[in-house]
2 protein chains.
Amino acid sequence: MSLEHILLGMLHVPASGYDIKSDFSQGTRYFWSAELSQIYPVLQKLETRGWLKSRIEPPTKGPPRRVYDRTAKGRRELIGWLNAGPQMGTERFAYLGQLCFMHELNDMEASSKFMLDLKVRLGEFLAWLRQAESELTRGGTEDLDNLNSEDFHVVLAMRMGIHSLGAKVRWCDESLEQIDNRRQSSKMKDRESTAKRKEVRSG
Amino acid sequence: MSLEHILLGMLHVPASGYDIKSDFSQGTRYFWSAELSQIYPVLQKLETRGWLKSRIEPPTKGPPRRVYDRTAKGRRELIGWLNAGPQMGTERFAYLGQLCFMHELNDMEASSKFMLDLKVRLGEFLAWLRQAESELTRGGTEDLDNLNSEDFHVVLAMRMGIHSLGAKVRWCDESLEQIDNRRQSSKMKDRESTAKRKEVRSG
DNA sequence: ATGACCATGTAATCCGTTACATGATTCG
DNA sequence: CGAATCATGTAACGGATTACATGGTCAT
């Protein structure tokens, strides 16, 4: 599993399950997400495995919190994972499946509408990521030298999303053009065959 | 679930579970994958739901095959899915998690090696996709007009992968540069502090 | 005959989501 | 007092992977 290692990595500093969840929601860790109902049991499992240890924090305010911290064993495990080389997962894009099957509708207008819709959604995600990035770099893009090593790596990671989403938005535009071309030429064919039919009838 | 609809879409023409699996392996349907052990039960479920019907093909050669075909109900279900707008799934990138946590190694050389490794893997996938695309367009990129509607949509879908992977590879290069910059400046700092120490000693 | 490939499935396990259950604190 | 938020969990279900089990055909 990867979530185990993701949690291990996120516990750079001691935190509760709740803290981790809010890290997932807030920009920085955009590359992964998990629900509290998954986080809590995994943290428990990692503790029984000796990668984490927890203590109940006496609540100065609010309800008591169980705060986890990495053990030496957990740290070694994390290092091992980092040194194991990039873990490539299987990507699944339901919307590309939909696009492939669009020909069943036999309606280029529908394909066009679909791509437009997709472009909007991808664009929204891109805007959110750009926002999250500029909050880390405080506008000072290009020179990442004044960032600490942690933020530096996080910004690099975010930029993958920005690059990739940007490319996807451009792909939407290109595809919309292609679809439009095809609509034009099929209209021309319509006119041609209409003309032919007229010829036949009049001939 | 999406796999249900993906299978429904792939059954444009009658096919067995085995056929579908090989479609997943062969370029065209690169956006999704599934194991035979998942495909067979899902096909059975779709049949009990009345979206598919199957018959055993009398084997002219080889073992008997169970061939599935869409019913009218299945076709309606597919159309509904296509008209429901793009289905955006949660993407998870374990390697971006690894990159974020790289600062724990405190070794820019390791970060650099990691990115290089990642670049190679992404590049391999990109080359494979480009190959699959050119097999469909037969080199005739740019003018997709001579493709049938099915292949046209498939090529559009493949191009998303090509655009996005291209952007990711460029991101690797950019990141490698950033990492290098940081290595240079940290070496300079080393030299500076060495110089200072010398000053102190000689002073 | 041996290995590669065709072909179909079941079982166990794991990962992830949704729904459910509980209770304290804080702010208006 | 009521709603929002903090905080921790369990249960049920569904989706995906890995392992297991079986047997036929075909080429060397």
Side-chain angles (χ1 to χ4, degrees), chain A residues 1-8 10-11 14-26 29 31-49 52-69 81 87-94 97, chain B residues 1-8 10-11 14-26 29 31-49 52 54-68 81 87-94 97:
Chain A
M1 199 199 340
S2 291
L3 179 60
E4 294 178 355
H5 292 100
I6 299 284
L7 294 186
L8 209 48
M10 289 174 81
L11 283 170
S16 71
Y18 199 86
D19 293 337
I20 290 175
K21 170 63 183 173
S22 75
D23 281 351
F24 278 136
S25 321
Q26 285 153 21
R29 314 296 193 198
F31 54 84
W32 204 278
S33 79
E35 300 303 315
L36 281 169
S37 56
Q38 193 187 3
I39 293 169
Y40 286 119
V42 171
L43 288 174
Q44 287 167 14
K45 188 160 71 170
L46 298 190
E47 184 164 26
T48 65
R49 210 181 286 170
L52 300 178
K53 59 181 188 306
S54 77
R55 61 177 194 283
I56 303 271
E57 282 234 320
T60 57
K61 53 180 277 182
R65 301 152 32 84
R66 180 176 293 274
V67 173
Y68 289 87
D69 196 3
W81 183 61
Q87 306 292 303
M88 318 297 287
T90 324
E91 294 181 35
R92 285 186 174 82
F93 299 98
Chain B
M1 198 199 342
S2 291
L3 178 60
E4 294 177 355
H5 292 100
I6 299 285
L7 294 186
L8 209 47
M10 289 175 82
L11 283 169
S16 70
Y18 200 85
D19 293 337
I20 290 173
K21 170 63 184 172
S22 75
D23 281 351
F24 277 135
S25 321
Q26 286 154 21
R29 314 297 194 196
F31 53 86
W32 204 277
S33 78
E35 300 303 315
L36 280 169
S37 56
Q38 192 187 6
I39 293 169
Y40 286 120
V42 170
L43 289 173
Q44 287 166 14
K45 187 161 71 171
L46 298 190
E47 185 165 25
T48 65
R49 209 180 289 172
L52 301 178
S54 77
R55 60 178 195 282
I56 302 273
E57 282 234 320
T60 58
K61 54 180 278 182
R65 299 152 35 83
R66 180 175 294 273
V67 173
Y68 288 87
W81 184 62
Q87 305 292 302
M88 318 296 288
T90 325
E91 295 181 35
R92 282 186 177 83
F93 298 99

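Throughout, protein chains are lettered first and strands after them, A, B, ... in sequence-line order, and every chain is numbered starting at 1.
Atom pair A:Glu57:CD and D:dC6:C1' shows a separation of 14 Å (rounding to whole Å applied). The separation between A:Glu4 atom CD and C:dC15 atom P is 6 Å, rounded to whole Å. As a whole-Å value, the separation of B:Lys45 NZ from D:dG14 P is 7 Å. Rounded to whole Å, the distance from CZ on B:Arg55 to P on C:dA7 is 14 Å. The CD1 atom of A:Ile56 sits 9 Å away from the C1' atom of D:dT8 (whole-angstrom rounding). In this entry the distance linking CD1 of B:Ile6 with C1' of D:dA16 reads 14 Å, nearest Å. For the pair B:Lys21 NZ and C:dG9 C1', the computed distance is 15 Å after rounding to whole Å. Residue B:Asp19 contributes atom CG, which lies 10 Å from atom C1' of C:dA7 at whole-angstrom precision.
For A:Pro63, whose side chain is taken as the heavy atoms from C-beta onward, the closest listed nucleotide among C:dT25, C:dC15, C:dG16 is C:dT25. Distances from the side chain of A:Glu35 to the nucleotides C:dT18, C:dG16, D:dA16 place C:dT18 closest. The side chain of B:Tyr18 has C:dC6 as its nearest neighbour among C:dC6, D:dA16, D:dG15.
Residues B:Gly17 and A:Leu3 each lie close to DNA chain C; by heavy-atom proximity, the contact nearer the 5' end of the strand is made by B:Gly17. A residue-by-residue look at B:Thr90 and B:Pro64 shows that B:Pro64 has its nearest nucleotide of DNA chain C further toward the 5' end.
For the OP1/OP2 pair of D:dT25 and a distance below 4.0 Å, the side-chain nitrogens and oxygens of B:Arg65 include no atom meeting the criterion. For the OP1/OP2 pair of C:dG9 and a distance below 4.0 Å, the side-chain nitrogens and oxygens of B:Arg66 include at least one atom meeting the criterion.
Judged by distance alone, the side chain of A:Arg66 and the main-chain N or O of A:Ser16 form no donor-acceptor pair under 3.5 Å. Checking side-chain atoms of B:Asp23 against main-chain N and O of B:Ile20 turns up no donor-acceptor pair under 3.5 Å. Checked by atom type and distance alone, the side chain of A:Lys21 never pairs as donor or acceptor with a backbone atom of A:Glu35 at under 3.5 Å.
Using a 4.0 Å cut-off between charged side-chain N and carboxylate O, B:Lys45 and B:Glu47 make no salt bridge.
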**OP:** In sequence, state the C-alpha distance, the side-chain angles, and the governing distance for A:Gln87 and A:His5, and then conclude on side chain to side chain contact (heavy atoms under 4.5 Å, CB included).
**Re:** CA-CA 11 Å; A:Gln87 306 292 303; A:His5 292 100; over 6 Å; no

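With rounding to the nearest 0.5 Å, the separation of CZ in A:Arg65 from CZ in A:Arg55 is 9.5 Å.
Residues B:Leu11 and B:Leu43 meet the side-chain proximity criterion, which asks for heavy atoms closer than 4.5 Å.
The stretch residues 36-43 of chain A touches DNA chain C through A:Ser37, A:Gln38, each having a heavy atom within less than 4.0 Å of the strand.
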